[in-house]
Number of protein chains: 2
Amino acid sequence: MLLSKSCVYGLRAALFLANQEHGKFIPIRQMSDKLEISFHFLTKILQQLTAEGILESFKGPNGGVRLIKRGEQIPLIDVVLAIDGSELLTECALGLPGCGVKEPCPLHDKWAEARDGIRSMLEESTLTELVQKGRDENLRLTSENGFDILFEVKEGV
Amino acid sequence: MLLSKSCVYGLRAALFLANQEHGKFIPIRQMSDKLEISFHFLTKILQQLTAEGILESFKGPNGGVRLIKRGEQIPLIDVVLAIDGSELLTECALGLPGCGVKEPCPLHDKWAEARDGIRSMLEESTLTELVQKGRDENLRLTSENGFDILFEVKEGV
DNA sequence: TGTTTATGAGAGTCTTTTATCCAAAATAGG
DNA sequence: CCTATTTTGGATAAAAGACTCTCATAAACA
């Protein structure tokens with residue numbers, strides 16, 4: 001698997017948050033329900049994102065988590081590296097310690113280039129951009145539901 | 001981790017074999033010693049490569065494994081997919097089942113493109129090509145040793 | 001005060017990956 | 001035929017990852 005499952009969930013959650021009114025705190029329970037991710041598991045992942053300075057949280061009634069910056073300013077790479085660690089995009093394809101420009105393995109150059117393709121794609125894509133695309137084309141965010149699920153706000157009913 | 005540890009070992013082993021006289025059976029024990037990989041573990045990995053038609057084996061004295069085709073004709077992708085499975089380069093970045101052109105997730109297009117960068121790099125690189133590079137520039141194949149370790153053949157001493 | 005909600009630590013389960021071991025089968029050579 | 005060599009395949013074990021759950025604490029609200 002290229003990305004860990006935690007990372008995949010983290011991306012889904014980040015997109016979910018970017019699709020909300022900016023600045024509003026969203027309870028984790030609500031996210032776990034909508035995204036069909038175990039509440040406890042998602043909690044751990046979001047705690048990581050909070051610790052890494054991507055989210056901020058607020059306790060108590062009407063509490064929850066929210067993005068620290070606007071979605072426009074958050075590239076996917078931030079989420080991926082916060083969860084899977086920066087080694088993900090620096091590791092040697094042959095597993096050699098210290099593999100790099102100075103002491104490369106035979107695959108180093110090509111591998112680095114291919115990896116950087118992923119990296120730059122993740123650097124160039126922002127949460128907002130994907131949310132926009134998801135809304136415009138009504139794409140999926142869970143196995144069944146698309147971005148529209150996020151709008152059926154039933155508060156006050 | 002982008003590639004599993006098994007896959008990484010499999011690549012090292014494939015390069016090792018491509019650096020040997022073509023057609024000669026190399027005992028797994030010798031490979032595990034030189035490549036500093038656990039004999040038993042490497043055995044399992046090579047069995048997979050044999051089952052996938054990349055290697056062939058021969059039992060008994062002077063037995064071992066060898067590449068079925070010449071290294072020129074073996075792209076890295078063969079080894080990677082034989083071990084990590086083809087899902088590796090088709091999985092959805094958001095983990096959605098059935099994500100594809102017909103039912104994409106918001107990240108699908110960009111992710112597919114980035115993944116394909118890795119894929120085509122692995123398709124275009126052959127074992128021989130890397131062995132050649134490794135020899136020419138005397139690069140590493142283990143944490144300590146380079147391709148030269150493969151030449152100290154001590155038979156008949 | 002009591003309820004809501006996140007935090008942090010931790011225990012426990014399940015699955016997959018990584019790693020080790022052993023008996024069986026095949027083969028070569030004496 | 002006997003023995004040493006080497007792969008095969010099954011079984012097992014250890015470690016890591018993916019979860020589930022609980023509990024005690026803290027902050028905020030009403």
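Computed from a predicted model, the values in this text were never measured in an experiment.
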Notebook entry, point to check: Rounded to the nearest 0.5 Å, how far does CD of Glu123(A) lie from CG of Leu81(A)?
Noted result: 8.5 Å

Note to self: Run the side chain to side chain contact (heavy atoms under 4.5 Å, CB included) test on Val101(B) and His108(B) for me, step by step, so that the C-alpha distance in whole Å, both residues' side-chain angles and the decisive distance to 0.1 Å come before the verdict.
What the structure shows: CA-CA 8 Å; Val101(B) 180; His108(B) 176 78; 4.3 Å; yes

Item checked: Short N-O contact, Glu129(B) and Lys133(B), less than 4.0 angstrom -> no

Checklist line | Heavy atoms from other residues, nucleotides or ligands near CD of Gln73(B) exceed 12 (cutoff 6.0 Å) | finding: yes

Margin query: Within the 4.5 Å heavy-atom criterion, are Tyr9(A) and Leu46(A) side-chain neighbours or not?
Written below: no

Check: How close or far is atom P of dT7(D) from atom CD of Glu56(B), stated in whole angstroms?
Finding: 14 Å

Notebook entry, point to check: How far does CG of Leu15(A) sit from CG of Leu94(B), to the nearest 0.5 angstrom?
Noted result: 6.0 Å

N/O to N/O distances under 3.5 Å, protein versus nucleotides 12-17 of chain D:
none

Margin query: At a heavy-atom distance below 4.0 Å, which nucleotide of DNA chain C is the first touched by chain A, and which is the last?
Written below: dT4(C) to dG10(C)

Next item on the list: Can you tell me the distance, in whole Å, between the CG atom of Asn62(A) and the C1' atom of dA27(D)?
Entry: 13 Å

Next item on the list: Can you tell me the distance, in whole Å, between the CZ atom of Phe25(A) and the P atom of dA28(D)?
Entry: 10 Å

Check: What is the distance, rounded to the nearest whole Å, between atom CD of Gln47(B) and atom C1' of dG10(D)?
Finding: 10 Å

Notebook entry, point to check: Heavy atoms under 4.0 Å, any strand shown: does Ile28(B) hit a base, just sugar-phosphate, or nothing?
Noted result: sugar-phosphate

Notebook entry, point to check: Does Lys69(B) pair with Glu56(B) as a salt bridge, N-O distance under 4.0 Å?
Noted result: no

Notebook entry, point to check: Within less than 4.0 Å of OP1 or OP2 of dT8(D), is there a side-chain N or O belonging to Ser57(B)?
Noted result: yes

Notebook entry, point to check: Quick one: on DNA chain D, does Phe58(A) or Ile37(A) contact a more 5' nucleotide (nearest heavy atom)?
Noted result: Ile37(A)

Notebook entry, point to check: Could you state the CG-P distance from Leu46(B) to dG9(D), rounded to the nearest angstrom?
Noted result: 13 Å

Margin query: Rounded to whole Å, how long is the line connecting atom CZ of Arg29(B) with atom P of dT5(D)?
Written below: 11 Å

Notebook entry, point to check: Taking atom OG of Ser6(A) and atom CD1 of Ile45(A), what is their separation to the nearest 0.5 Å?
Noted result: 4.5 Å

Item checked: Residue closer to the 5' end of DNA chain C, Lys44(A) versus Lys59(A) (nearest nucleotide) -> Lys59(A)

Notebook entry, point to check: Do Arg135(B) and Asn19(B) have a side chain donor and acceptor closer than 3.5 Å?
Noted result: yes

Margin query: OP1 or OP2 of dC19(D) versus the side-chain N and O atoms of Tyr9(A): is any pair under 4.0 Å?
Written below: yes

Next item on the list: For Thr43(B), report the nucleic acid contact type (base, sugar-phosphate, nothing); a contact means any heavy atom under 4.0 Å.
Entry: base

Checklist line | Atom pair distance, as rounded to whole Å: CD in Gln30(B) and P in dT7(D) | finding: 10 Å

